[in-house]
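Below you'll find the structure, written out as structure tokens, and then a few comments.
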Amino acid sequence: MPSSCRIVVLGLWLVALLLLPGCNAVNPLCGSARPLPILNSISPATMVFSQVPPSFVLTATGSHFVSSSVVVFNGATLATVVISSSEMTVNIASSMIPAPGSFKVFVQTPAGNSGDLGCSSGGTSSSQVLTVN
């Protein structure tokens with residue numbers, strides 16, 4: 001259990017949860033909260049500009065992907081296929097790579113319906129970079 005979470009026992013039968021940020025795993029009111037996505041890698045991670053095909057599949061691997069998670073490529077939110085909680089794919093058109101350079105990729109998960117209950121929900125992963133030489 002994260003260090004910010006506390007379980008308080010009051011008497012023999014009453015157990016109270018001290019609801020602090022980061023306690024989603026034990027907070028019964030956070031049932032609709034979505035996890036923060038974690039992006040570990042992308043494939044391909046490098047390409048040669050003269051060899052970029054008209055379109056190609058980019059695979060994102062990590063964890064905590066849910067059905068509403070999407071890949072954002074160089075600022076554009078793309079139609080995403082969530083294969084599993086650890087793998088997603090998107091189609092990248094060559095028009096999205098107009099010249100050699102570095103293209104930022106991250107995963108975004110929208111917030112659930114957690115309201116103001118001390119529940120974090122969804123968010124944006126750290127980024128990976130597709131390098132096109």
Side-chain angles (χ1 to χ4, degrees):
M1 179 176 328
S3 61
S4 61
C5 299
R6 303 286 184 264
I7 297 177
V8 180
V9 178
L10 304 172
L12 293 174
W13 302 105
L14 182 60
V15 175
L17 294 176
L18 184 57
L19 305 178
L20 297 172
C23 291
N24 294 0
V26 296
N27 185 340
L29 303 176
C30 292
S32 63
R34 295 179 180 142
L36 178 69
I38 296 172
L39 179 60
N40 293 329
S41 64
I42 58 169
S43 180
T46 59
M47 301 181 83
V48 175
F49 182 69
S50 64
Q51 297 174 353
V52 173
S55 72
F56 64 94
V57 174
L58 183 132
T59 301
T61 57
S63 60
H64 302 152
F65 301 155
V66 296
S67 61
S68 59
S69 297
V70 293
V71 170
V72 179
F73 180 84
N74 208 37
T77 301
L78 302 178
T80 303
V81 177
V82 179
I83 308 289
S84 69
S85 64
S86 61
E87 184 178 354
M88 304 167 66
T89 60
V90 292
N91 286 313
I92 306 291
S94 61
S95 61
M96 298 183 75
I97 304 174
S102 298
F103 300 88
K104 188 174 173 181
V105 179
F106 59 89
V107 175
Q108 199 163 40
T109 299
N113 298 323
S114 59
D116 190 20
L117 303 171
C119 308
S120 60
S121 185
T124 301
S125 71
S126 59
S127 63
Q128 297 286 322
V129 175
L130 170 63
T131 302
V132 180
N133 299 312

Do you know the tightest heavy-atom contact between P53 and S94?
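Distance-wise, the nearest heavy atoms are O-CB, 3.3 Å.
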Any idea which heavy atoms bring G122 and P37 closest together, and the distance?
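Scanning both residues, the minimum pair turns out to be C-CD, 4.5 Å.
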Who are the side chain to side chain contact (heavy atoms under 4.5 Å, CB included) partners of S127, not counting sequence neighbours?
K104, F106
Please enumerate all residues that pass side chain to side chain contact (heavy atoms under 4.5 Å, CB included) together with L36, with sequence neighbours excluded.
none
Contacts of Q108 meeting side chain to side chain donor-acceptor pair (under 3.5 Å) (sequence neighbours excluded), chain-then-number -> T124
T59: what forms a side chain to side chain donor-acceptor pair (under 3.5 Å) with it, not counting sequence neighbours?
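In terms of side chain to side chain donor-acceptor pair (under 3.5 Å), with neighbours along the sequence ignored, T59 is linked to no residue.
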Test log, rule side chain to side chain contact (heavy atoms under 4.5 Å, CB included), inputs I97 and F56
CA-CA 11 Å; I97 304 174; F56 64 94; 3.8 Å; yes
Residues 69-82, side-chain donor-acceptor partners within the protein, below 3.5 Å, at least two apart:
from: S69; atom 1: OG; to: V66; atom 2: N; distance (Å): 3.0
from: S69; atom 1: OG; to: V66; atom 2: O; distance (Å): 3.3
from: S69; atom 1: OG; to: T109; atom 2: OG1; distance (Å): 2.7
from: T80; atom 1: OG1; to: V71; atom 2: N; distance (Å): 3.0
from: T80; atom 1: OG1; to: L78; atom 2: O; distance (Å): 2.8

Rounded to the nearest 0.5 Å, what separation is found between the OG atom of S86 and the CZ atom of F65?
7.5 Å
Roughly how far apart are N40 CG and E87 CD, rounded to 0.5 Å?
12.5 Å
Does S55 use its side chain to pair, donor to acceptor, with the backbone of N91 at less than 3.5 Å?
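Checking the backbone N and O of N91 against the side chain of S55, no donor-acceptor pair under 3.5 Å is found.
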Table please: side-chain donor-acceptor pairs of residues 41-49 below 3.5 Å, with sequence neighbours left out.
from: S41; atom 1: OG; to: T61; atom 2: OG1; distance (Å): 2.5

